[in-house]
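Letters A, B, ... are given to chains in the order of the sequence lines, protein chains preceding strands, and every chain is numbered from 1. Computed from heavy atoms alone, side chains included, the values below leave out hydrogens, waters and symmetry copies. Predicted model, so just to flag it, every value in this text is computed and none were measured.
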Amino acid sequence: MTKPKPRVIYWFRTDLRLHDSPALKAALDLEPECLYPIWTWDPHYVYRARVGPNRWQFLLDCQSDLSASITKLNKKSKLFVIRESPTTLFPKLFKAWNISHLVFEKDTDAYARDRDNEVTEIAKKAGVQVITKVGRTLYDPDELVKQNHGKPTMSISQVIKAGEQIGQIPRPIPAPASLPDPGDTSLNFKQDHPSSEPDINAPQRNSSDQSYAHLAGPQGDFSVPTYDELGLKPSTTPHHGGETAALAALDKIISNTKYTATFEKPSTAPTAFEPQSTTLLSPHLHFGSLSCREFYWRAQDVVDNFKQGTASHPPTSLTGQLLFRDMYFGAQAALGHKFGQAYGNPSCRSVPWHLPSKVNEDTGLVVRDGGGGGGVEYSIDSSTAETWFQRWKYGCTGFPWIDALMRQLRQEGWIHHLGRHAVACFLTRGGCYVDWERGAAVFEEWLIDHEPACNIGNWQWLSCTAFYAQFYRCYSPISFPQKWDKDGAFVRKYVPELANFPAKYIYEPWKAPIADQKAAGCLIKSIDEEGEDGELDLSPWKKEIVAEKHEANGAQNGDEKKEKESMNIYPKPMFDFPSRRTTCINALKNAYRVGLYGNDQKVLDGTWRDLFPDEAEGPTSTADVEAMHDADAHGEFVHDAEGHEGLHEKDHSPVGRKRKEHGQGTLDGHVKRTKT
DNA sequence: ATGCTCGTTGAGACT
DNA sequence: GAGTCTCAACGAGCA
């Protein structure tokens, strides 16, 4: 008796490619009678993960390109996009299509693991065999953890050591030359509609969300959704997704053997644009439109054939970048949901930042609903910190380097790695003393290459709560960009108000004499001088980004012309950087001395904050306070003195009010030591 | 133990 | 302009 041939669903997720897909190969090795390449529209991504229009665009690009590539291999086939949650869809789909096997690439993201376990149970019940293969990382993150003695991989040397135990990174697998037919695709069942509540992506839409209006899309042909169907605001990124584009970009990079072999991340310019100084392949790695192993071996082969002894090495080399990615995946694989937050995380230091996340006491996880599009909910312990956070987010801090980066991020969905360092340091340990989880949430929303593990890991790194501890190494928003871009071309592009400023003042425009400001067509003013009754008015910066990039050179409407004729306004810096740096470094020093991690009992029960006096983050010496008053932007810096209100009670006082500072003392006298 | 080096990407003064 | 040292000082790993 011959066994019936397998009827296989290949479930695409973050592996939107045909080349080097071990899971797809496993599906094809079954020699199936039929193969259904599908995408299920997961409500977690639609409603619960923060996804801005630019990343949506990139995803749809990847899906469209993949679907076309599948059709090239088999005219009857395509990427069948089904609008339903995988957990409700699969039981019905297995039956309707008489499926014997479900194949997908292994995913170790905390959420994805839960979902995949659930789907695997569903398949088991339906008598469907599940096959998974690793292909998203160089090594299987679980294997990496196992070889790292069961511990999260917290340094690159641990990854290298564990990797040596595992063995060589697999060589890439060629794309298939043909694909089997799909079977009958009729859907003889009713669609289950997922709950859209809470919908943290509501702010990303400008028309009604039709994501789940039709099981197989408005035409009933399983096509990739359009922007209309998803109700999304238009994207503004110039970067596009898709395997075809990814492989072409990789070819171009690899063909430059010197660039490939001698790449050193720390010496690539974060101020470079058109072209950028790094590869911009990260969004492709996230969506799987490029295999990381393809990237690794193409780069490694160039290195191996390069002039002896002149190639760069991990961790700064191109392959080193991929090892860092694996490191973060390994940390996440070991820690699960706790990796994404400080609370309860044994590998993450507890620091009494401003704007801390709220925690659900039952689950021990941060509260991830925040109706109104906030994502993770947080306490506003300090109105000044909240103002600083909003000004950081919308690129109106008054520090041109920071503002240029944040505007590039919001508009294009990508900024250079060192630019991410600069803005992350500024928000957390090197300026605002705001919780890294606030910054991570903004990156989650805006980055087209948002990789949960890498984003979380890098924010922990930059805030010196994990992976990195040299908190006294602090990025200056003035000296750091000057290293690469003396003239400020980058600032001029992304902060056009300052386009005509003299290079001498481009990173510190508040120092320019009024005559120079007038000559450059831009006045430097306190934001709150601008608004009515002293209220902060960030609206000029918060307003929607229209896709003006492509139209700007064409017809301008009357309003825009008028605006051009009048004087531009750019804000004064929202605080004195040198004094804030001193304050933050001392606060970090203190937090390190207290030495608590997220899983400490005192952290879990909330009593840990008593170990930090009100002055925990405030100025630490009289000299600092004086320095602030001497600083240029008079009045503004008095805000520094607040932040002493303690972190528990909410502060409902109006944003931007000036306050008198309390008496100051050095930190040391207030600190109870927990380490001996 | 205690001291040393090293760690993907600091700033600033100096040679 | 590139390299080197100091500033103040972190943890991990090693001898």
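Side-chain contact annotation: E412(A) with Y494(A), donor-acceptor N/O pair under 3.5 Å present. In the model, D403(A) has a side-chain atom that pairs as donor or acceptor with a side-chain atom of T397(A) under 3.5 Å. Looking at H450(A) and E444(A), their side chains never bring a donor and an acceptor atom within 3.5 Å of each other. For H286(A) and D449(A), the side-chain atoms include no donor-acceptor pair closer than 3.5 Å. Side-chain contact of N54(A) with T237(A): a donor-acceptor pair under 3.5 Å is absent, judged by distance alone.
In plain terms, the two heavy atoms of S312(A) and E264(A) that are nearest each other are CB-CG, 3.7 Å. The nearest pair of heavy atoms linking L596(A) to W608(A) is CD1-CB, 3.5 Å.
Nucleic acid contact for F480(A): sugar-phosphate only, since backbone atoms but no base atoms lie under 4.0 Å from a heavy atom of the residue. Residue contacts shown for Q321(A) include a base, since a base heavy atom lies under 4.0 Å away. Among the protein residues, I156(A) comes within range of the sugar-phosphate backbone only, with heavy atoms under 4.0 Å from sugar or phosphate atoms but none that close to a base. Counting non-hydrogen atoms under 4.0 angstrom, W484(A) reaches nothing in the nucleic acid.
Within the 4.5 Å cutoff, no side-chain heavy atoms of L498(A) are placed close to those of R492(A). Counting heavy atoms from C-beta on, the side chains of F612(A) and N590(A) come closer than 4.5 Å. Q276(A) places a side-chain heavy atom less than 4.5 Å from the side chain of W414(A).
Of the residues in residues 464-472 of chain A, A469(A), Q470(A), F471(A), Y472(A) come within less than 4.0 Å of DNA chain C through at least one heavy atom, sorted by number.
In terms of the side chain to side chain donor-acceptor pair (under 3.5 Å) criterion, Y468(A) has no residue partners (sequence neighbours excluded).
Between K589(A) and dA9(C) there is a side-chain N or O to OP1 or OP2 distance below 4.0 Å.
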Give each protein N/O atom lying under 3.5 Å from an N/O atom of nucleotides 13-15 of chain C, with the pair distance.
none

Look for any protein N or O under 3.5 Å of an N or O in nucleotides 1-4 of chain C and output each such pair with its distance, or none.
none

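What separates CG of L596(A) from C1' of dC10(C) is a distance of 16 Å, to the nearest Å. With rounding to whole Å, Q460(A) atom CD is found 17 Å from dG11(C) atom P.
Interface limits on DNA chain B: the 5'-most and 3'-most nucleotides within less than 4.0 Å of chain A heavy atoms are dG7(B) to dG12(B).
Within the cation-pi definition used here (under 6.0 Å to the ring centroid, within 45° of the axis), R580(A) qualifies as a partner of F575(A).
Distance check on atom P: dA8(C) versus dT4(C) gives 22 Å, rounded to whole Å. Comparing dT6(C) with dC4(B), their P atoms sit 15 Å apart, to the nearest whole Å.
Ring geometry, H354(A) versus Y433(A): the interplanar angle exceeds 60°, so the pair is classed perpendicular (tilted spans 30 to 60°). Ring planes of W459(A) and F443(A): perpendicular class, angle over 60° (limits at 30 and 60°). Aromatic ring pairs are classed by plane angle as parallel below 30°, tilted from 30° to 60° and perpendicular above 60°; the pair W461(A) and F467(A) is parallel.
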For DNA chain C, what string of dots and brackets results from 5' to 3' when Watson-Crick and G-U pairs need both distances under 3.5 Å, crossing pairs get [ ], and pairs with another strand get |? .||||||..||||||
